[in-house]
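The figures that follow rest on heavy atoms only: side chains count, while hydrogens, waters and symmetry mates do not. Sequence lines set the chain letters: A, B, ... in the order given, protein chains first and strands last, and positions in each chain run from 1.
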Amino acid sequence: MDFDDTLEEASFRAQARTWLTENAPDHEGDHTDDFLDVAKAWQKAKYDAGWACLSWPKEWGGRDATPVEAKIFADEEARYKLPVGPFLIGQGMAAPTMMAYASEEQKARYLPKLASGEEVWCQLFSEPAGGSDLAALRTRSVRDGDDWVVNGQKIWTSGAHYSDLGILVTRSDPSLPKHMGLTYFFLDMRSAGVEVKPIKQISGQSNFNEVYFTDVRIPDNQRLGAVGDGWRVALTTLMNERAAIGGGGGTMNFQTAFDLAGEVDLDGQPAITDRGVRGQLADWYCKEKGLEFTGARSQSALSRGETPGPENSIGKLVAAKQAQDIASFCIELLGMTGVSMDHEELSAYAEAYLGAPGSRIAGGSDEIMLNIIAERVLGLPQDIRVDKGVPFNEVPTGAK
Amino acid sequence: MDFDDTLEEASFRAQARTWLTENAPDHEGDHTDDFLDVAKAWQKAKYDAGWACLSWPKEWGGRDATPVEAKIFADEEARYKLPVGPFLIGQGMAAPTMMAYASEEQKARYLPKLASGEEVWCQLFSEPAGGSDLAALRTRSVRDGDDWVVNGQKIWTSGAHYSDLGILVTRSDPSLPKHMGLTYFFLDMRSAGVEVKPIKQISGQSNFNEVYFTDVRIPDNQRLGAVGDGWRVALTTLMNERAAIGGGGGTMNFQTAFDLAGEVDLDGQPAITDRGVRGQLADWYCKEKGLEFTGARSQSALSRGETPGPENSIGKLVAAKQAQDIASFCIELLGMTGVSMDHEELSAYAEAYLGAPGSRIAGGSDEIMLNIIAERVLGLPQDIRVDKGVPFNEVPTGAK
Amino acid sequence: MNFEFSAEQNLLREQAVGFLSDRAPLSVARRVLDGDETHASDVWQEIVNLGWTATAVPESHGGFGFGHLELCVLAEELGRSLAPVPFSSSVYLATEAVAGADSLVRDDWLPRLAVGEVIGCVALYEVTGAPKPDRMKGCTVTDGRLSGRKRWITDGDIADMAVVAARDAVTGDLGLYAVDLGSDGVGRFTVETIDPTRNHADLSFDNVPASPLMTSTGEAGGLRRLLDRAAVLFAFEQLGGAEASLNMARDYALGRYAFGRPIAGYQAIKHKLARMYVAIQLARSNCYYGAWALATDAPELPLAAATARVSASQAYRECTEENIQIHGGMGFTWEFDCHLFYRRAKLLSVNLGGEYDWKHQLISCIEADQAA
Amino acid sequence: MNFEFSAEQNLLREQAVGFLSDRAPLSVARRVLDGDETHASDVWQEIVNLGWTATAVPESHGGFGFGHLELCVLAEELGRSLAPVPFSSSVYLATEAVAGADSLVRDDWLPRLAVGEVIGCVALYEVTGAPKPDRMKGCTVTDGRLSGRKRWITDGDIADMAVVAARDAVTGDLGLYAVDLGSDGVGRFTVETIDPTRNHADLSFDNVPASPLMTSTGEAGGLRRLLDRAAVLFAFEQLGGAEASLNMARDYALGRYAFGRPIAGYQAIKHKLARMYVAIQLARSNCYYGAWALATDAPELPLAAATARVSASQAYRECTEENIQIHGGMGFTWEFDCHLFYRRAKLLSVNLGGEYDWKHQLISCIEADQAA
């Protein structure tokens with residue numbers, strides 16, 4: 001039991017580290033105005049040097065690397081805080097779906113440009129009435145000659161405003177039960193009738209969009225999978241979701257609380273001297289370390305050629321709530337200083353407290369995560385689905 | 001807003017207090033060998049003086065008192081730690097059911113002896129396979145001439161071993177859906193074929209029994225309500241349950257933890273000086289006081305002639321878990337002293353920790369209490385019942 | 001036993017609910033959140049016209065002479081509506097501080113506060129942490145003139161007068177002083193907080209006339225008493241907000257369908273809502289305890305205030321966090337109203353000192369009681 | 001990255017699982033609970049025959065010379081089975097203490113402990129609270145002879161030798177001493193605890209021969225190190241017990257029907273089980289951290305031990321409390337096995353010092369690290 005690379009891994013890591021040292025730009029990350037240009041330039045640099053999409057086949061711009069090699073490169077790359085966000089969904093979710101369902105011409109046309117960062121993709125699945133019930137989507141597609149005509153609305157689409165292409169699930173037959181009348185496409189985001197509107201979050205940021213479709217025409221050859229078989233195609237996409245999206249606590253971690261408790265006084269003594277504070281901090285440390293070492297165990301499984309299981313769902317569940325609690329704790333320690341938002345340094349806690357609810361929901365709420373663990377890890381029965389087998393247009397929706 | 005009695009209430013309280021001062025025996029409560037005799041003698045004394053079953057009609061041994069008067073007397077009586085436990089179920093649950101469903105002769109025969117403490121009653125509802133699903137009971141009753149013949153098993157019956165009579169729900173027709181094939185009786189606990197076995201709890205105590213029925217004959221005139229209408233009769237009993245059973249934290253309360261924290265050292269200082277300990281204690285104080293004042297609000301509703309609602313379900317939910325947590329906290333403060341069980345004084349915490357799981361389950365588990373609050377107070381939908389309308393003998397039971 | 005509000009008090013509540021739901025629905029709070037207003041001056045003027053600011057002021061000073069239970073009723077409803085008005089600063093704090101003062105200063109300010117001619121606030125904070133005497137060293141009074149700086153003053157951006165905790169330059173005693181904020185030498189610096197529906201400012205004083213509100217003995221006690229009394233009213237605001245959050249969550253869960261049925265039917269949501277209800281019930285009962293102690297000026301006030309305050313802060317936090325959670329994705333959008341309560345909950349939790357400090361006070365009260 | 005047990009270690013685990021499920025199922029723990037035995041001497045003898053007591057003892061002293069990872073594997077499985085044997089006292093504590101001693105004393109005891117010829121225990125407690133040096137004042141050694149009294153000694157009722165923390169009567173230095181419990185002057189007083197499947201006793205010493213196990217410098221450090229190393233192994237026992245409780249709860253919930261379906265299908269139960277799983281996963285990962293630090297004798301050991309220990313104590317408590325809760329009425333009967341784990345969880349949680357003390361140590365380690 002150790003934290004060490006195997007010989008092969010160590011050699012690969014050294015190679016990756018050397019290349020990154022020589023080539024990684026010195027940049028501030030995602031929070032600059034030109035981050036998309038920077039991200040594209042960096043992706044192109046990786047592509048040209050053979051460090052893009054490592055686990056993909058070489059013919060589409062990859063390197064045929066093992067999963068653990070891909071993880072090693074990602075870990076090394078992460079030290080540089082480079083903007084890689086715009087490609088996560090395209091490379092992590094759209095690409096596996098295209099590999100499984102697109103034609104050879106389409107794969108040759110789209111995958112290399114995805115690998116090189118020339119084209120950015122987004123994912124158009126969630127809808128306002130859907131939420132956790134993802135398959136209850138209503139965006140309609142109707143066949144019209146060689147095209148399909150799409151009307152409806154999607155929501156929570158990251159990067160829609162700068163994406164070139166999108167993957168899209170639609171309802172082609174509302175008279176069939178929920179999972180059976182869906183059809184899956186990819187489309188050009190600049191098609192006529194596509195409108196993107198940013199969503200403002202509590203924190204004031206806009207990380208997501210609404211996307212409206214008004215008589216948008218999609219050629220039938222951009223359909224992935226059979227008509228009515230969209231749910232199965234979507235599952236291919238979703239199986240890759242947890243690999244593609246992050247989660248976790250962001251800036252509010254144990255160290256944040258530990259540092260603040262060393263600075264703030266309670267009754268004339270640093271807060272950290274108080275056993276109650278120490279106990280609370282120790283709880284957080286144990287959870288944070290527990291997640292970190294769970295990650296190490298997952299990576300060990302990769303190293304052995306095994307596939308880490310759905311137990312990784314615990315990460316977001318634990319970290320998101322903990323980040324909210326740590327932010328709240330820090331604000332309470334600071335009192336009115338903690339709720340004031342005038343100074344960048346001091347408003348970090350309040351900003352984190354405003355951002356935390358989003359982390360507890362985006363990518364699957366706490367309740368969904370618990371269901372996943374209960375059903376997929378522990379093998380407990382699924383919830384009763386009253387809509388099972390019911391024609392979609394007869395399922396109760398609460399609409400008056 | 002005050003804690004004061006009205007003039008009428010104050011006068012009644014003074015009267016009760018005077019009588020109790022003059023008549024209440026100086027006794028140690030439920031934990032003596034002859035507690036049943038003591039309890040019966042005390043009940044008889046109350047009955048003879050007109051202080052038994054205050055809210056009952058005078059004709060059956062009561063006083064026609066208002067609910068608030070009954071509460072005042074109970075509060076005053078509670079100061080004396082007298083053994084009243086044996087009569088709670090009979091007077092609180094069996095009696096209202098008898099009043100609603102028994103014949104006039106039966107009422108005249110049984111109610112006064114219940115009020116005077118001459119006869120003790122128990123309740124025979126729960127079954128091993130039932131649990132929270134109370135109506136899923138399997139004890140069979142079959143009509144045979146003027147009698148019914150009963151076979152089966154009941155469980156969690158308090159006082160079965162010293163009870164004279166019992167109220168009993170049986171399944172008279174297993175081919176009907178769950179709630180529809182039940183029939184309700186009362187019976188002599190000394191009938192042939194009734195066997196009582198105590199259940200040993202984790203704590204080593206035996207507060208409950210199993211009761212086995214083997215060809216027990218019950219005369220049809222001891223049926224309460226129509227054949228097949230037993231569930232409706234049982235609801236009358238159960239509506240009075242929460243009034244009749246206690247719950248709550250027992251000996252492990254705020255004061256217990258506060259006192260111990262003043263005695264035990266952490267790093268050379270009394271634990272109570274530590275803010276973490278203080279914060280924990282304050283949490284418990286707030287919950288305990290919140291329950292106490294919720295009780296005051298309920299009593300105010302009684303005072304105004306209103307009926308307190310199911311919001312009283314919060315009491316057991318909060319207090320039982322809190323008692324477990326306080327016991328655990330005290331043990332942790334004491335370390336090995338806390339788990340040793342040699343000295344009566346010091347083993348109180350460990351004993352309480354062993355008794356706590358029972359409190360969290362008996363009378364309705366935490367989960368059932370939450371369902372009650374959600375459904376009856378907040379008006380949320382009931383859980384989906386897959387057994388609804390299904391013949392009882394076709395409902396899945398998990399039995400192989 | 002009569003541990004409930006009276007019929008008359010509940011009538012006042014009905015009137016308050018009617019007025020606030022008509023004139024100060026959440027859209028008013030949102031108007032202030034999204035716009036440039038410091039507060040809803042229109043709603044404030046109507047509240048003044050209704051006489052709410054005069055509720056507990058003696059008739060001798062132009063008030064209605066009701067007790068503080070009526071203020072508790074109004075506080076709960078104001079908390080529920082999130083009305084962006086300076087009621088807490090002007091009524092629970094400034095008016096209360098002035099009402100307890102020597103007659104000359106009281107007679108000067110109290111009638112004007114009662115009729116809403118002026119808006120008051122209280123200036124306590126100088127540094128990080130709860131507003132305790134040992135953290136108040138930077139404001140001093142010399143010959144009736146105040147100098148120094150106070151921070152994070154709720155309604156400090158709009159108030160006409162402030163009650164300032166400051167030290168006598170000679171004796172070092174801490175006292176409360178009334179200051180006309182229209183005076184020369186007063187500087188205001190707007191401060192942004194987590195809850196933009198309530199305005200905040202730092203105030204600086206350069207040799208500004210200041211009238212003492214309390215005699216020099218027991219001033220720290222006077223501050224403590226002011227905070228304890230206000231804490232009960234703040235707790236009622238928190239209670240109202242918590243209950244509004246629960247109701248909002250419940251309504252959403254009943255109307256939002258997933259897998260063909262309302263999400264309110266899933267135990268994860270049912271039990272979450274039930275736990276919110278439990279927290280609110282406990283907080284409500286403890287708030288009534290605080291109200292009783294406030295109204296009767298009982299010796300238990302410090303303990304009752306702490307109990308009410310801790311319960312209400314906890315309930316408000318739980319209910320606002322879970323209200324967002326139950327709303328799912330919609331819950332963390334700016335467009336939905338969940339975050340208005342989430343912001344207010346955090347502001348109220350730390351104002352007058354945070355949960356940790358109130359818990360500390362609570363146990364200290366019990367220690368003192370049981371030692372006596 | 002290889003942060004898992006090796007194939008060989010997992011093979012050992014399979015053997016342990018096979019042996020324990022065959023020879024030490026829960027019925028053995030129940031036999032001891034309900035009967036008069038101090039421990040399952042038959043199972044202990046078989047464990048000795050399997051050589052488990054010799055696992056980490058060097059070959060030079062009659063052991064197998066495996067590392068401590070193998071002990072972690074055995075500890076987890078022993079914790080899962082609740083085998084009522086003195087493995088933790090004799091192996092994690094006594095053997096470890098002796099193995100670190102001066103050669104003469106080590107050569108005397110270590111081979112006998114390794115082959116199970118003697119059972120060892122450790123005597124630390126004198127008064128309430130965690131086993132810290134400042135609470136150890138009542139046992140002194142004068143001219144190689146020990147006098148005083150020690151309390152709550154796990155396996156003190158059956159052990160043949162004890163490692164005793166005592167002070168040099170002259171210097172006052174705290175040290176660890178090996179004592180033959182067959183000596184004259186040793187008194188034993190059986191103590192009942194919350195977990196009757198493990199025997200406990202107080203031991204009194206009246207001028208009993210005692211051999212020093214550590215040199216006089218850094219003895220408190222030696223005690224700390226012994227506790228840290230044992231804590232990792234205790235954490236694995238807790239982990240095994242927690243997982244056994246989860247599995248028991250899961251199986252019961254799948255087989256128990258209410259309202260026509262398994263209670264495992266209701267979200268209240270599903271999510272409770274999922275949270276138990278999460279607690280166990282976190283504890284497991286932290287236990288591995290502890291195992292790594294133990295096996296490599298890393299400087300992080302005190303921090304890693306505290307992290308493993310706190311996580312494992314919390315997970316075991318949650319899983320045992322909720323296992324009973326999920327079993328409903330059956331859960332709190334003597335007849336069902338839930339309480340065996342519930343009892344053991346509380347015993348292990350306070351043994352070697354409770355959760356509060358380990359949390360304190362955890363943060364102290366980080367303070368020291370970050371100050372350096």
How are the rings of Phe329(B) and Tyr356(D) set relative to one another: parallel (under 30°), tilted (30 to 60°) or perpendicular (over 60°)? perpendicular
Judged by atom type as modelled, is there a donor-acceptor pair below 3.5 Å linking the side chain of Thr320(D) to the main-chain atoms of Tyr316(D)? yes
Bottom line for Ala258(D): the part with an atom under 4.5 Å from chain B's heavy atoms is both
Cation-aromatic face contact Arg171(B)/Phe392(B), 6.0 Å, 45 degrees: yes
More than 12 heavy atoms from other groups under 6.0 Å of CZ on Arg275(D): no
Assert top hit (heavy-atom pairs under 4.5 Å, partner chain D, pool Gly130(B), Gly338(B), Gly268(B), Pro128(B)) equals Pro128(B)
Among Glu335(D), Arg343(D), His200(D), the residue with the most heavy-atom pairs under 4.5 Å to chain B is Arg343(D)
Contact origin within Val339(B) toward chain D - heavy atom pairs under 4.5 Å: both
Quick one about Asp195(D) and Thr197(D) (side-chain donor to acceptor, distance below 3.5 Å, no hydrogens or angles considered), yes or no? yes
Which region of Ala129(B), side chain (C-beta onward) or backbone (N, CA, C, O), has a non-hydrogen atom less than 4.5 Å from a non-hydrogen atom of chain D, or is it both or neither? backbone
Hey, is the main chain of Ala130(D) close enough, under 3.5 Å, to the side chain of Arg135(D) for a donor-acceptor pair? yes
What are the two closest non-hydrogen atoms of Gly156(D) and Leu203(D), and how far apart are they? O-CD2, 3.9 Å
Can you tell me how far the CG atom of Asn351(D) sits from the OG1 atom of Thr154(D), to the nearest 0.5 Å? 4.0 Å
In terms of heavy-atom proximity below 4.5 Å to chain B, should Tyr266(D) be classed as side chain, backbone, both, or neither? side chain
With only heavy atoms counted, which part of His327(D) is less than 4.5 Å from chain B, the side chain, the backbone, both or neither? neither
Check whether any side-chain heavy atom of Trp284(B) lies under 4.5 Å from a side-chain heavy atom of Asp325(B), and answer yes or no. yes
Is any side-chain heavy atom of Arg198(D) less than 4.5 Å from a side-chain heavy atom of His39(D)? no
Name the option with the most non-hydrogen atom pairs under 4.5 Å to chain D; the candidates are Ile199(B), Asp265(B), Asp366(B). Asp366(B)
So which of Gly335(B), Ser365(B), Ala356(B), Ser203(B) has the largest heavy-atom pair count under 4.5 angstrom toward chain D? Gly335(B)
If I measure from the heavy atoms of chain D, does Ile368(B) come under 4.5 Å with its side chain, its backbone, both, or neither? neither
Check each atom of Thr190(D) against the heavy atoms of chain B and say whether the ones under 4.5 Å are side chain, backbone, both or neither. backbone
Against chain B, work out which of Ser349(D), Pro131(D), Pro262(D), Ser313(D) has the most heavy-atom pairs shorter than 4.5 Å and name it. Ser349(D)
Which of the residues Glu321(D), Glu355(D), Arg151(D) is involved in the greatest number of heavy-atom pairs with chain B at under 4.5 angstrom? Glu321(D)
Under 4.5 Å from any heavy atom of chain D - which part of Tyr353(B): both
Please rank Asp383(B), Val390(B), Leu370(B), Asp387(B) by heavy-atom pairs under 4.5 Å with chain D and give me the top one. Asp387(B)
Classify the angle between the aromatic ring planes of Trp334(D) and His339(D) as parallel (below 30°), tilted (30 to 60°) or perpendicular (above 60°). tilted
So which of Glu192(D), Lys272(D), Arg261(D) has the largest heavy-atom pair count under 4.5 angstrom toward chain B? Glu192(D)
Look at Lys132(D), Gln267(D), His360(D), Arg256(D) and state which one has the largest set of heavy-atom pairs under 4.5 Å with chain B. Arg256(D)
Among the listed options Ala136(B), Ser328(B), Gly131(B), Ala350(B), the residue most often paired with chain D at heavy-atom distances under 4.5 Å: Ser328(B)
Is it true that Glu237(D) and Ser88(D) share a donor-acceptor pair across their side chains at a distance under 3.5 Å? no
With only heavy atoms counted, which part of Tyr125(D) is less than 4.5 Å from chain B, the side chain, the backbone, both or neither? side chain
Heavy-atom distance under 4.5 Å to chain D: side chain of Lys388(B), backbone, both or neither? neither
